[in-house]
Amino acid sequence: MLALTVSSATLSSAQAQTAASKAASEPVKAKPYDPSWGFNMSGMDKAVRPGDNFFQYANGTYLKHIVIPADRSSFGPFVILADTARERVQSILAEAGKHPAADPKTTEEKLGAFYAAVLDTAQVDKLGATPLKADLDAVRAVKDPQSLAVLFGKSASGFQYAPFGLMINADDNDPGQYALLLRQGRLGLPDRDYYLKSDFASKKKAYQAYIAKTLSLIDWPEAQGSAAKIVALETELAKVEWSRIEQRDPVKVYNPMTVAELTKKAPGIDWAAFLTSAGIPAEGLDARRLVVGETTALAGMAKILTTTDYGTIRSWLAFHLASNASPYLSQPFVQASFDFNDHELEGSPQLPVRWKQAVSHTEDAMGWAIGKVYVARYFPPAAKARITELTRDVKAAFANRLAHNAWMAPATREAAGRKLQNFEIQVGYPNKWRDYAGLVVKPGDLYGNAARAVAFDWAYNLGHLDKKVDRDEWFMTPQTVNAYNDPNQVEIVFPAAILQPPFFDPTGDAAVNYGAIGGVIGHEMTHSFDDEGRQYDEHGRLHQWWTPDDVKRFQALADKYGKQYDAFEVLPGVHLNGKLTMGENIADLGGLTLALDAYHASLHGKPAPVVHGLTGDQRVFLGWAQVWRQKLRDDSIRNRAVTDPHSAPEARVNIPMHNIDAWYEAFGVKSGEKLYLSPQDRVKIW
């Protein structure tokens, strides 16, 4: 799944696993756009020449004056809309809790009870680490490969930990059928570089302190010494992990095999015990097919674990259990998790207030139930109709571009056109909603509620095993400020919450809308033809449907484009990684190009109007730039440069634009200006 953006909370591995707090301090009401027509000209810095730094020209004054909220690592349109969505969700949850039930049965009662349990800090603090007792006892019982594998398997349905994980998703070779996937998991730091590179030595030291703090909170013996051993163990595991760049190759991570074959390729883990503990049926298990991702990494991890003493392994498991569960425990756990994951790694100075944590945790547990109410209240049918029309405009622009592509072989070009025509575009909300009748929520039982929600979600996923893919299922709730491309389903999805200004304003200027939401739509469409997505055919099947010469020509263009990002410095000595960000970079270039084409087509041959002294093309480019009016803390910038497949905001504006001829014409950019590229150096892929 290829998304428009990754939140800072997603980048913190521990928080991603535990659905820890993503909220900010009190919402900042500043707007990056002008609601009267769609673009906020007061945010521009006209002292900067467009050809020197278009990002600063379009956004500089706004960025100089905004202040990142104390409990955020970044601030800009995505955060502003997320704040708006969160406030709306809070109102939904507060209303759901007006009539509490002793034994919640309806979905509304469960929402209210879950939310109230998070807010009841007196009860949570009174319990301290007590809710962990049974799970810690299971950790203490680990003494051999079988008991270790059983506990690893429990990680699928609870807060226990494993360095690898199971997923159930569409099969890349048969996208109409669900497959069981086994992938390399996360360690405690955001990326293997944090363990292996001296640049992150201070973060690694802080991580060890966090481990010791967490172990002391659960009264684990020899917390300091155990923390050092855990970091040493994870450093060894990091050495055999695949890099994020390797993981981006869909062919390399597609390795179907039977469980019996996995046992031979990665000895040392009792894979049968692991899988049955996770809920996979035992009958015929050896012959069961699963798709293994990072094969050598899993084998290397298994080997390392067989030579690690069980005292260290138990301490390692106990720490991760407590860390995963921290958001649902007493204040010392919550604070310790924040101090490392949000403050140390992302630079956020302040813990979000409790109601924001409560919204986040309730969404994690019952997000689709909230989404159903959210759509009914905040997403009018007219908005869905207009955005659907806009997607058709961008799709038509892409079809025209594909038909006239000069570097593809005719047969490949025709197949690409068929793939585009097969696109399904989903807007606002899914066609059906998830049922929470089987989820048990108890008043005042935060840890139990959260644990049961995780188990409930895994049981839902297990229900897909060995069945046909449900094309009505979404991977983002309607209240999510994001969008995504599903390569297996050949579809793009735009949740309701992103369909607001500055991305989309039905009463705003058409050119600004095309540059903003049109660029987003084009971005998601282009993902089907980026370096990963291009490898899936018109039916969503992974195989090589291009000619060898097509691949060579595409790769030459992609490599040339990637070097522009490699040269981009986000902090002194810190550069973007053009290979890690390649897919998103290609999607940005394609998205902006298609937005401009679609805007031109929408004029039906008439001249573009001039609005506030700006031509139509100028407003398209400014609409895209406004979307990325984002400021980040330095720690977050460093983190994202290593972990985020999306480039920094300034790069997402400046680099695509200076590869588009129309941008030079629109703003009179001349040779000698900093962003100027000679025509032969401009990259045109789609």
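Computed over heavy atoms, backbone and side chain alike; hydrogens, waters and symmetry mates excluded.
- Taking the six-membered ring wherever Trp is involved, the centroid distance between the rings of Tyr161 and Phe319 does not fall below 6.0 Å.
- Taking the six-membered ring where tryptophan is involved, the planes of Tyr484 and Trp474 are perpendicular, since the angle between them exceeds 60° and thus also 30°.
- Here the two rings, on Phe114 and His361, have centers that are 6.0 Å apart or farther.
- Side-chain atoms of Leu262 and Phe274, non-hydrogen and from C-beta on, never get closer than 4.5 Å to each other.
- Within the structure, every pair that satisfies the side-chain hydrogen bond (donor to acceptor under 3.5 Å, both in side chains) test and touches residues 436-458, not counting sequence neighbours, is listed here: Asp135-Tyr447, Arg434-Asp457, Asp445-Arg452, Asn449-Arg452.
- When each of Lys239, His320, Lys229, Arg192 is tested with Glu234 by the rule side-chain hydrogen bond (donor to acceptor under 3.5 Å, both in side chains), just one qualifies, namely His320.
- Scanning both residues, Ala96 and Leu111, for their nearest heavy atoms gives CB-CB, 4.2 Å.
- Between Asp171 and Arg289 a salt bridge is recorded (basic side-chain N to carboxylate O distance below 4.0 Å).
- Judged by distance alone, the side chain of Lys372 and the main-chain N or O of Trp433 form no donor-acceptor pair under 3.5 Å.
- Side chain of Lys204 to backbone of Tyr195: a donor-acceptor contact under 3.5 angstrom is found.
- Put simply, the side chain of Asp486 does not reach to within 4.5 Å of the side chain of Val493, judged on heavy atoms.
- A donor-acceptor pair is defined here as one N or O able to donate and one able to accept, closer than 3.5 Å; such a pair exists between the side chain of Thr362 and the backbone of Ala358.
- Smallest separation of non-hydrogen atoms from Leu196 and Ala238: CD1-O, 4.1 Å.
- Counting heavy atoms from C-beta outward, Phe338 and Ser326 have side chains that stay 4.5 Å or more apart.
- The backbone N or O of Val231 lies less than 3.5 Å from a partner atom in the side chain of Thr235, making a donor-acceptor pair.
- For the pair Ile280 and Leu462, the minimum side-chain heavy-atom distance is below 4.5 Å.
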task = Start with the C-alpha distance between Lys197 and Asp191, add both sets of side-chain angles, then the distance that settles salt bridge (Lys or Arg N to Asp or Glu O under 4.0 Å), and finish with yes or no.
result = CA-CA 10 Å; Lys197 291 190 175 181; Asp191 187 81; over 6 Å; no
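- Gln208 places no side-chain N or O within 3.5 Å of a backbone atom of Lys205 that could act as its donor or acceptor partner.
- The shortest distance between side-chain heavy atoms of Leu321 and Val139 falls below 4.5 Å.
- Within the structure, salt bridge (charged side-chain N to carboxylate O under 4.0 Å, His left out) pairs that include any residue of residues 294-307 comprise Arg183-Glu294 (at least two apart or interchain).
- Residues Asp83 and Val79 meet the side-chain proximity criterion, which asks for heavy atoms closer than 4.5 Å.
- Across all their heavy atoms, Ala82 and Val481 have their closest contact at N-CG2, 3.7 Å.
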field: Criterion side chain to side chain contact (heavy atoms under 4.5 Å, CB included) on Leu215 and Ile230, from CA distance to verdict
entry: CA-CA 11 Å; Leu215 290 176; Ile230 290 168; 4.1 Å; yes
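- Nearest heavy-atom pair, His343 versus Asp635, reported as atom, atom and distance to 0.1 Å: O-OD2, 4.2 Å.
- Going from atom OG1 of Thr263 over to atom CD1 of Ile269 covers 10.5 Å, rounded to the nearest 0.5 Å.
- For residues 90-105, the pairs satisfying salt bridge (charged side-chain N to carboxylate O under 4.0 Å, His left out) are Glu95-Arg377, Asp103-Lys105, with sequence neighbours left out.
- With hydrogens and angles ignored, the 3.5 Å screen pairs no side-chain donor or acceptor of Glu109 with any backbone N or O of Ala102.
- For the salt bridge (charged side-chain N to carboxylate O under 4.0 Å, His left out) condition, no pair includes a residue of residues 260-281, sequence neighbours left out.
- To the nearest 0.5 Å, the span separating CH2 on Trp355 from OG on Ser360 amounts to 11.0 Å.
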Query raised in the report: Can you check side chain to side chain contact (heavy atoms under 4.5 Å, CB included) on Leu166 and Leu275, steps first, answer last?
Result: CA-CA 9 Å; Leu166 289 175; Leu275 292 167; 3.7 Å; yes
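- A distance of 10.5 Å separates CG in Asp193 from CD in Glu241, rounded to the nearest 0.5 Å.
- Between the side chain of Trp271 and the main chain of Ala266, a donor-acceptor pair closer than 3.5 Å is present.
- Looking at Tyr460 and Glu473, their side chains do bring a donor and an acceptor atom within 3.5 Å of each other.
- Side-chain atoms of Pro69 and Phe75, non-hydrogen and from C-beta on, do get closer than 4.5 Å to each other.
- The closest donor-acceptor contact from the side chain of Arg633 to the backbone of Glu346 lies at 3.5 Å or more, if one exists at all.
- Considering all non-hydrogen atoms of both residues, Val150 and Ser277 come closest at O-OG, 2.6 Å.
- Using modelled atom types, one side-chain atom of Arg314 and one backbone atom of Val142 make a donor-acceptor pair closer than 3.5 Å.
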Open item on the list: Would Leu345 and Tyr207 count as a side chain to side chain contact (heavy atoms under 4.5 Å, CB included) here? Give the steps.
Closed with: CA-CA 9 Å; Leu345 294 180; Tyr207 178 51; over 6 Å; no
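- Among all heavy-atom pairs drawn from Pro145 and Tyr310, the shortest one is N-OH, 3.1 Å.
- Proximity of Pro443 to Pro104: side-chain heavy atoms (C-beta onward) are separated by under 4.5 Å at one or more points.
- Counted by atom type alone, Asp309 and Thr312 present one or more donor-acceptor pairs between their side chains at under 3.5 Å.
- Taking the six-membered ring where the residue is Trp, Phe200 and Tyr194 present parallel rings, their angle staying beneath 30° rather than reaching 60°.
- Atom CZ of residue Arg244 and atom CG of residue Asp644 lie 8.5 Å apart, to the nearest 0.5 angstrom.
- Checking Thr84, Val359, Thr477 one by one against Val89, the side chain to side chain contact (heavy atoms under 4.5 Å, CB included) holds for a single residue, Val359.
- Using a 30° and 60° split on the angle between ring planes, Phe340 and Tyr210 fall in the parallel class, below 30°.
- Residues meeting the side-chain contact (heavy atoms from CB on, under 4.5 Å) test with Val334, sequence neighbours left out: Gln331, Leu351, Arg354, Gln357.
- No more than 12 heavy atoms of other residues, nucleotides or ligands lie within 6.0 Å of CD in Gln224, so this atom counts as exposed by the packing criterion.
- Under the 3.5 Å distance criterion, the side-chain polar atoms of Glu246 are matched with a main-chain donor or acceptor of Ser243.
- For residues 110-132, no pair satisfies salt bridge (charged side-chain N to carboxylate O under 4.0 Å, His left out), with sequence neighbours left out.
- Taken from CG in Leu329 to CG in Leu127, the straight-line distance is 9.0 Å, to the nearest 0.5 Å.
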Report task. Could you please spell out the steps behind the side chain to side chain contact (heavy atoms under 4.5 Å, CB included) verdict for Arg288 and Thr258? Result -> CA-CA 5 Å; Arg288 175 174 284 279; Thr258 64; over 6 Å; no
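- In summary, the side chains of Trp242 and Thr296 do present a donor paired with an acceptor at a separation below 3.5 Å, with no hydrogens or angles considered.
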